Amino acid sequence: MRRSLVAGNWKMHGSGATITGLLHSLVQALGNEQDGAEVVVCPPAPYLSLCQQMLQGRAIAVGAQNVHAQASGAFTGDVSAAMLAEFGVRYVIAGHSERRRYAGETDAEVAQKCEAALLAGIAPIVCVGETLEEREAGRADAVVARQLGAVLDHCEGEALGRLVVAYEPVWAIGTGRTAEPEQAQAMHAFIRRVLCDASAALAETVRILYGGSVMAENAAQLFAQQDIDGGLVGGASLKPEEFISICKSVGRQWKPW
Ligand code: 13P
């Protein structure tokens, strides 16, 4: 059984003042919510500590947007998984399409980042998803299988059960063009089959989130799909009312496989 999860990816947005305000609203609406979806916020790195302090003892977890694959070393500007763990970070996004595109992250690097996170006790949220060109060429399944396969081949053991997969079709990110619920469900079911090929236990426990223009108005329909266990929300997670409404519309669902 899998508990629903909603993660807000704030990307490179916000300031101390706006983030403090956003957190106040979220804490008020969701901070004591034990019966709803698991909620995670992923701020830009400088605000991780602020978020951790403001969310201590609350039912909202903190996630990072990136991590380095190595434990330590001469990697100027990077942050290790152990450092994140020291600041109470419980999740980390790995392989977001923006990092694959702008920072040139490869499947192999993303797999190493997932492994580093798992070793530090942090759950990686690995992002997979095809571009519009790849979808139109009929290659969406192959692209997603390759991206996820790299992680499944590289990471081993029980810890992999803590992996979260986010299906984020690149053409739906920040475009206002959401995947149709049935279209998203078809890819989520495919991802679950890929997980099952690795291990039936993984297919049962790994949560698969949908990301790409999730909004309050389309969230319930998406989350009603059998294999959609929650969402990875970008723009809408910066608007408190919108994000709270998305979290509430997911609610606490336990989906069997
Ligand atoms: P939007 O919700 O703004 O489309 O962004 C999705 C995303 O990239 C979350 O990681």
Side-chain angles (χ1 to χ4, degrees), residues 1-9 30 33 35-40 91 93 95-97 123-132 134-136 138-145 147-148 151-152 161-237 242-257:
M1 298 285 267
R2 306 175 306 274
R3 183 182 172 190
S4 50
L5 170 68
V6 182
N9 175 7
L30 305 165
E33 185 72 76
D35 297 326
E38 191 177 351
V39 177
V40 182
Y91 289 88
I93 298 170
H96 191 282
S97 61
I125 302 175
V126 62
C127 299
V128 298
E130 79 286 357
T131 62
L132 187 59
E134 288 162 342
R135 174 161 283 267
E136 285 174 347
R139 290 172 42 220
D141 286 4
V143 168
V144 167
Q147 292 171 330
L148 181 57
V151 176
L152 298 178
R162 284 190 278 113
L163 182 74
V164 177
V165 179
Y167 170 56
E168 298 207 313
V170 177
W171 46 270
I173 295 176
T175 59
R177 183 179 165 192
T178 317
E180 293 299 325
E182 300 73 26
Q183 197 179 27
Q185 162 58 24
M187 183 58 89
H188 281 233
F190 173 72
I191 290 171
R192 207 168 299 285
R193 286 198 296 277
V194 173
L195 290 167
C196 186
D197 287 344
S199 135
L202 281 185
E204 167 99 44
T205 55
V206 169
R207 290 171 289 183
I208 309 173
L209 313 182
Y210 169 79
S213 300
V214 174
M215 296 170 248
E217 64 177 51
N218 58 29
Q221 254 196 313
L222 284 161
F223 301 144
Q225 305 296 315
Q226 173 64 31
D227 289 290
I228 300 186
D229 300 313
L232 181 54
V233 185
S237 69
E242 185 93 5
F243 189 61
I244 291 161
S245 160
I246 292 169
C247 292
K248 297 213 173 204
S249 72
V250 180
R252 185 178 194 134
Q253 303 177 13
W254 290 90
K255 290 188 180 168
W257 178 47

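Quantities reported herein were computed from a predicted structural model and do not represent experimental measurements.
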Counterpart residues, salt bridge (charged side-chain N to carboxylate O under 4.0 Å, His left out), relative to [X] (two or more places apart):
X	value
R135	E130
E38	R90, R207
E168	none

Quiz item: Do I173 and H96 come close enough that some side-chain heavy atom pair is under 4.5 Å?
Solution: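 The answer is yes, as the side chains (C-beta and beyond) meet within the 4.5 Å cut-off.
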So, the side chain of [X] versus the backbone of [Y]: is there a donor-acceptor pair under 3.5 Å, distance only?
X	Y	result
E33	L30	no
D229	L209	no
S213	A172	yes
Q225	E182	no
R192	V206	yes

Quiz item: What pairs meet the ring-ring contact (aromatic ring centres under 6.0 Å, His included) rule with one or both residues in residues 196-228, with sequence neighbours excluded?
Solution: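 Not a single pair qualifies under ring-ring contact (aromatic ring centres under 6.0 Å, His included).
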Quiz prompt | Pairs meeting criterion ring-ring contact (aromatic ring centres under 6.0 Å, His included) with involvement of residues 165-199, two or more places apart | solution =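 Checked against ring-ring contact (aromatic ring centres under 6.0 Å, His included) - neighbours excluded - the pairs reaching residues 165-199 are Y167-H188.
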Self-check item: All side-chain contact (heavy atoms from CB on, under 4.5 Å) counterparts of T131, not counting sequence neighbours
Solution: E133, E134, V170
Quiz prompt | Those residues that, when tested against E242, pass side-chain contact (heavy atoms from CB on, under 4.5 Å) (two or more places apart) | solution = M215, A216, A236, K239, I246
With sequence neighbours left out, what residues match [X] under side-chain hydrogen bond (donor to acceptor under 3.5 Å, both in side chains)?
X	result
N218	T178
Q185	D227
N9	none
S97	none

Quiz item: At their closest point, which heavy atom of L222 faces which heavy atom of P181, and how far apart are they?
Solution: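 Looking at all heavy atoms of both residues, the shortest contact is CD2-CA, 4.0 Å.
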Exercise. Would you name the heavy atoms of A220 and S249 that are closest together and state the gap between them?
Key: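 Nearest heavy atoms, A220 then S249: N-OG, 3.9 Å.
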Just how far is it from atom [atom1] of [X] to atom [atom2] of [Y], taken to the nearest 0.5 Å?
X	Y	atom1	atom2	result
L232	L5	CG	CG	9.0 Å
I208	M187	CD1	CE	11.0 Å
L202	L152	CG	CG	6.5 Å

Practice problem: Starting from the C-alpha separation in whole Å, work towards a yes-or-no answer on side chain to side chain contact (heavy atoms under 4.5 Å, CB included) for V165 and L148. | Solution: CA-CA 8 Å; V165 179; L148 181 57; 3.9 Å; yes
Exercise. Quick one: list whatever passes ring-ring contact (aromatic ring centres under 6.0 Å, His included) with F243, sequence neighbours left out.
Key: none
